[in-house]
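Notes for the one structure printed next.
So that the names make sense, note that chain A is the first sequence line, chain B the second, and so on, each numbered from 1.
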Amino acid sequence: MPTPQLDKTYSPHDVEDRWYQRWIDAGLFHADTTHPGQPYSIVIPPPNVTGSLHVGHALNNTLQDILIRWRRMQGRNTLWMPGMDHAGIATQNVVERHLQAEGTSREALGRDAFLQRVWQWKEKSGGTILSQLKRLGASCDWERERFTMDEGLSEAVREVFVRLHADGLLYRGERLINWCPRCLTALSDIEVEHEEITGKLYTIRYALADDPAQVLLVATTRPETLLGDTAVAVHPEDERYRHLIGKQVRLPLTTRTIPIVGDAILVDREFGTGAVKITPAHDFNDFEAGERHGLPRIKILDIHAHLRMGASLAESAVAEAVEGLPVAKARPKIEQLLIDQGRMEKTESHKMALGKCYRCKTVVEPLLSDQWFVKIKPLAEPAIQAVEDGRVRILPDAWKNNYLGWMRDIKDWCVSRQIWWGHQIPAWYCETCYGSPFLRRTSDGAPLIPSDAAAIVAKSKPAACSKGHSDALVQDPDVLDTWFSSALWPFSTLGWPKQTPELKMFYPTSTLVTGLDILFFWVARMIMMGLKFMGEVPFRDVYIHALVRDAEGQKMSKSKGNVIDPLHVMEQFGTDALRFTMAAMASPGRDVKLAEERIEGYRNFTNKIWNAARFLLMHLDGERVTVSPAQGSFPDRWILSRLNATIRTVTQELEQYRFDRASSALYQFIWHEYCDKYIEMIKPALKEQASEQAKTTRQTLVETFETMMRLLHPFMPFITEEIWQTLPHEGASIVRRPYPTLRADWDSPDAEQEFSLLEECRGLMNQERAILNYPAGKRLHFKVHGKTDHASTTFQKYRELIEYMENVDNLLVGSSSEVTAPHLLTLTSGSAEVGTSMEGADLQKAKDNVLKQLALLQKEAARTQQKLGNPDFVSKAPPEVLTDHHDRLARESRMIQLFEQALQQIISEQKHNHTA
RNA sequence: GGGCGGAUAGCUCAAUUGGGAGAGCGCUGCCCUUACAAGGCAGAGGUCACAGGUUCGAUCCCUGUUCCGCCUACCA
């Protein structure tokens with residue numbers, strides 16, 4: 001058989017493209033509902049259609065791919081369901097920017113034409129991330145790719161909406177919501193990011209209406225909202241203010257007077273002045289307080305967060321000064337006006353949290369508007385139970401409490417968004433019933449649905465309203481939160497609401513792999529929806545991986561310029577190196593700090609593997625003979641035993657999602673045991689190409705290498721396939737070959753014990769070289785004595801092997817007296833005694849080395865002795881610890897003795913040289 | 001404000017439930033030895049953040065402090 005030749009260094013490029021294409025062509029990633037294996041399924045956390053691959057995706061998807069490839073090789077019926085979400089706000093932003101560049105706008109196009117444009121954009125430039133995932137080697141079932149705006153998934157959304165509504169879990173109402181004045185839409189609570197900033201606390205003088213000389217000091221961080229104040233609150237038990245409750249104050253900068261109310265919930269007597277202004281239309285607390293006291297709500301901000309007030313609300317000069325200004329500009333004006341009118345008591349610097357839109361970082365405003373909400377408590381309850389009783393496992397366990405805490409305190413979910421791209425809310429309103437046509441919004445022409453209009457919720461447009469009117473039914477213009485459709489992902493992608501074979505086979509899915517940042521956004525909501533609509537949890541295990549940061553621990557962001565681009569990394573070091581880095585650094589509960597040097601290190605690892613394969617191919621020529629493992633040579637028995645141990649470790653660690661430990665076991669085995677030790681040990685045998693030993697060794701070499709490739713394949717799919725194909729193998733692709741399992745006949749405790757004897761012996765040899773400062777190239781003669789019969793026969797048996805490994809001539813395995821003969825330096829360990837000639841050594845230096853060692857040993861021995869001399873220790877420590885310490889002391893004393901002997905040997909050699 | 005996690009070699013991290021701390025990368029020295037210089041061999045390097053406490057004994061358990069993260073929150 002001709003032996004294939006490989007290049008001297010591994011070049012990942014063409015290998016990766018070539019194999020990925022072949023895997024796809026062969027349909028190796030396709031899941032089949034008739035497959036007999038036990039199902040194993042993962043749904044991908046759908047990336048945004050606008051997204052492109054960053055390191056976080058690389059980590060997330062590498063881990064998923066490792067699981068999927070591993071389970072696939074184990075014979076499970078695996079499905080990795082890929083797809084994207086439509087990213088309502090983000091995508092609309094992207095397309096609107098394009099329109100703006102063309103000098104037009106979505107309003108000018110109209111809703112239908114705009115949506116057409118979005119679809120066009122999606123077809124052309126959306127979803128580049130999916131091709132990037134393919135470069136990463138992701139073995140998704142691309143034939144089943146889904147998109148949240150697909151017809152099937154849209155149907156699922158409508159179904160869910162209608163059923164939630166029918167069950168009383170969905171309602172429309174006027175509430176104060178978080179509003180992004182740039183995206184012009186409502187946001188859910190968790191879409192608001194809180195940022196700590198240092199702002200100002202203003203203390204303003206409110207004069208009493210019936211006695212303007214008396215002033216009530218009110219503290220606020222938002223003086224401009226004073227124009228919308230409808231009361232001032234004090235604590236009802238606050239001695240300072242109690243008598244004022246029920247009186248009126250003059251609202252500065254306006255012609256209005258507002259009441260002073262007592263409110264124990266809103267007011268913290270300790271904070272500020274103990275008096276709070278109430279702006280029910282622009283603050284969440286004030287909204288509640290307003291409800292308690294029946295206060296009017298005065299809106300002073302429009303949807304752009306610009307001040308808009310009726311002429312009656314403020315003094316005309318004030319209104320003129322701030323009308324139409326954004327909040328940030330209005331605030332200093334108001335501040336100045338208050339100062340001018342002598343109403344500003346003081347301003348202090350003040351730390352506070354500012355809410356920002358998580359998409360565009362614009363400061364969000366609480367805004368009063370009509371929105372749809374999911375009544376969440378009844379959904380959350382079973383979702384809490386599912387995690388509490390372990391039907392869903394959250395790993396690492398530490399995040400479980402995080403989840404439970406949030407779920408127990410969950411608030412209703414605002415699901416309507418005032419944008420066009422997304423699932424339009426399946427609710428209609430009858431203008432005829434309402435009595436008059438709805439007002440049209442001037443900005444985009446969409447209907448403005450009045451608060452009191454009755455919604456008809458249905459999967460498709462109803463023929464008529466309940467009273468039979470059919471001519472003027474108007475659909476709600478809003479769309480649903482993207483996360484609403486993402487929440488259905490584990491079952492909507494499998495065909496729900498249809499009862500498909502896929503749904504039956506793959507739901508609940510096995511594992512969800514995701515980052516902590518979307519635990520609430522996504523994971524929690526999937527659990528709620530899965531339980532509600534499937535009656536079963538959506539996944540068994542939720543594995544939460546770390547966030548990827550840069551080498552300094554900073555969050556990667558484009559503005560900081562510290563982004564590591566995974567595409568660039570793959571280009572430079574290869575995909576397998578990137579993947580292995582991701583796996584190796586995925587320690588649970590920790591952030592991943594990524595530096596390029598690490599990836600380079602694993603690139604070197606791929607090259608090491610590559611060259612080991614080259615070695616193998618160079619030595620493959622000739623007959624191969626299979627013998628039972630027990631009859632194999634010592635290196636063969638040893639490597640099979642080590643391989644078996646590695647199979648055990650890797651499998652166990654993967655079962656526990658310890659990608660880090662699994663990969664380090666692989667690294668350790670492949671590089672240090674297989675390459676450094678095994679390959680070195682078999683070189684002499686292979687040189688005698690025609691020998692019996694070469695025949696069996698070649699067989700083991702091939703067999704272990706082939707197994708090793710399969711073991712590594714989930715981590716490094718490309719290089720393993722490329723090499724595996726050049727080895728004798730069965731099957732068309734490594735992708736579907738069985739994952740290595742334990743072989744009882746491979747375990748060889750004998751070989752492992754013999755190996756450690758050899759290492760012990762070599763350790764002594766190295767130590768002598770070091771003490772005597774012999775250069776590495778110097779040919780040395782060693783004499784070795786085995787202190788037990790077993791050690792003695794082992795050294796005898798593997799004399800040539802030791803010579804070869806240590807690069808020495810004429811290793812003499814003999815008696816103790818031979819090893820301690822004059823002019824030799826002798827060192828001893830538990831089982832071995834090794835001597836070598838001191839001829840030509842720098843004895844003074846050697847002496848220094850030994851003295852240094854001796855000092856260290858003496859220090860340690862003294863410590864042990866001291867401990868053993870402590871009566872408390874002796875009487876209270878457990879017996880095994882005591883014997884351990886006695887053993888230690890004995891060992892240390894022995895070592896001291898031996899080093900003293902070595903010292904004497906050196907000294908007498910010095911004398912000898914002197915006299916000679 | 002509340003909660004959680006972390007602090008171990010120059011760097012990144014390990015360490016089966018308290019009994020002299022390990023690995024990778026980096027560093028130093030010597031080697032281009034026919035698989036691999038993206039390599040080999042050898043080596044140096046630690047007051048386990050700080051202060052108390054429990055214990056015969058603490059990197060590990062407890063308390064406090066400092067620093068760093070993250071999550072959460074309506075002190076205007």
Reckon [X] touches a base, only the sugar-phosphate, or nothing at all at heavy-atom distances under 4.0 Å?
| X | result |
| --- | --- |
| Phe605(A) | nothing |
| Glu806(A) | nothing |
| Lys400(A) | nothing |
| Ala770(A) | nothing |

Please output the side-chain donor-acceptor pairs of residues 345-355 of chain A that fall under 3.5 Å, not counting sequence neighbours, one pair per line with the distance.
{"from": "Glu345(A)", "atom 1": "OE1", "to": "Arg205(A)", "atom 2": "NH1", "distance (Å)": "2.6"}

Which whole number of Å gives the distance between the [atom1] atom of [N] and that of [M]?
| N | M | atom1 | value |
| --- | --- | --- | --- |
| U17(B) | A73(B) | C1' | 37 Å |
| C70(B) | G52(B) | P | 32 Å |
| C32(B) | C48(B) | C1' | 41 Å |
| G57(B) | G64(B) | C1' | 23 Å |
| G46(B) | G40(B) | C1' | 28 Å |
| A21(B) | A58(B) | P | 14 Å |
| C75(B) | C60(B) | C1' | 40 Å |

Which distance, rounded to the nearest 0.5 Å, do you find between the CG of Asn285(A) and the CD1 of Ile278(A)?
10.0 Å
Is it the case that the side chains of His619(A) and Gln689(A) hold a donor-acceptor pair, with the cut-off being a distance below 3.5 Å and no angle test?
no
Does Lys411(A) come within less than 4.0 Å of Asp189(A), counting only side-chain N to carboxylate O?
no
Check Glu291(A) with Arg297(A), please: is the shortest side-chain N to carboxylate O separation under 4.0 Å?
yes
Give the rounded distance in Å between these two atoms: [atom1] of [X] and [atom2] of [N].
| X | N | atom1 | atom2 | result |
| --- | --- | --- | --- | --- |
| Ile599(A) | C25(B) | CD1 | P | 15 Å |
| Glu680(A) | G39(B) | CD | C1' | 11 Å |
| Phe615(A) | G39(B) | CZ | C1' | 15 Å |
| Ile544(A) | C4(B) | CD1 | C1' | 13 Å |
| Lys608(A) | G24(B) | NZ | P | 13 Å |
| Glu768(A) | C41(B) | CD | C1' | 17 Å |
| Tyr602(A) | C25(B) | OH | P | 8 Å |

On RNA chain B, does the nearest nucleotide to Arg603(A) precede the nearest nucleotide to Lys852(A) from the 5' side, or the other way round? Give the residue.
Arg603(A)
Grab the stems for RNA chain B, please: at least three consecutive Watson-Crick or wobble pairs, both distances below 3.5 Å, written as range with range.
B:1-7 with B:66-72, B:10-13 with B:22-25, B:27-31 with B:39-43, B:49-53 with B:61-65
Which pairs pass salt bridge (Lys or Arg N to Asp or Glu O under 4.0 Å) with one or both residues in residues 862-875 of chain A, sequence neighbours excluded?
none
So if I take residues 657-666 of chain A and measure heavy-atom distances to RNA chain B, which residues fall below 4.0 Å?
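Hits under 4.0 Å, by residue number: Arg661(A).
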Pull out every protein N or O sitting under 3.5 Å from an N or O of nucleotides 72-76 of chain B, one pair per line with the distance.
{"from": "C74(B)", "atom 1": "O2'", "to": "Asn285(A)", "atom 2": "ND2", "distance (Å)": "2.9"}
{"from": "C74(B)", "atom 1": "N1", "to": "Asn285(A)", "atom 2": "OD1", "distance (Å)": "2.7"}
{"from": "C74(B)", "atom 1": "N1", "to": "Asn285(A)", "atom 2": "ND2", "distance (Å)": "3.3"}
{"from": "C74(B)", "atom 1": "O2", "to": "Asn285(A)", "atom 2": "OD1", "distance (Å)": "2.7"}
{"from": "C74(B)", "atom 1": "O2", "to": "Asn285(A)", "atom 2": "ND2", "distance (Å)": "2.8"}
{"from": "C74(B)", "atom 1": "N3", "to": "Asn285(A)", "atom 2": "OD1", "distance (Å)": "3.3"}
{"from": "C75(B)", "atom 1": "O2", "to": "Asp268(A)", "atom 2": "OD2", "distance (Å)": "2.4"}
{"from": "A76(B)", "atom 1": "OP2", "to": "His350(A)", "atom 2": "NE2", "distance (Å)": "3.1"}
{"from": "A76(B)", "atom 1": "N6", "to": "Asp268(A)", "atom 2": "O", "distance (Å)": "3.2"}
{"from": "A76(B)", "atom 1": "N6", "to": "Phe271(A)", "atom 2": "O", "distance (Å)": "2.4"}
{"from": "A76(B)", "atom 1": "N6", "to": "Gly274(A)", "atom 2": "N", "distance (Å)": "3.3"}
{"from": "A76(B)", "atom 1": "N1", "to": "Asp268(A)", "atom 2": "N", "distance (Å)": "3.1"}
{"from": "A76(B)", "atom 1": "N1", "to": "Asp268(A)", "atom 2": "O", "distance (Å)": "3.4"}

Under 3.5 Å between N/O atoms: give me all the protein pairs with nucleotides 18-22 of chain B, atom names plus distance.
{"from": "G20(B)", "atom 1": "O5'", "to": "Arg888(A)", "atom 2": "NH2", "distance (Å)": "3.2"}
{"from": "G20(B)", "atom 1": "N7", "to": "Arg863(A)", "atom 2": "NH1", "distance (Å)": "3.0"}
{"from": "G20(B)", "atom 1": "O6", "to": "Arg863(A)", "atom 2": "NE", "distance (Å)": "2.8"}
{"from": "G20(B)", "atom 1": "N2", "to": "Lys867(A)", "atom 2": "NZ", "distance (Å)": "2.1"}

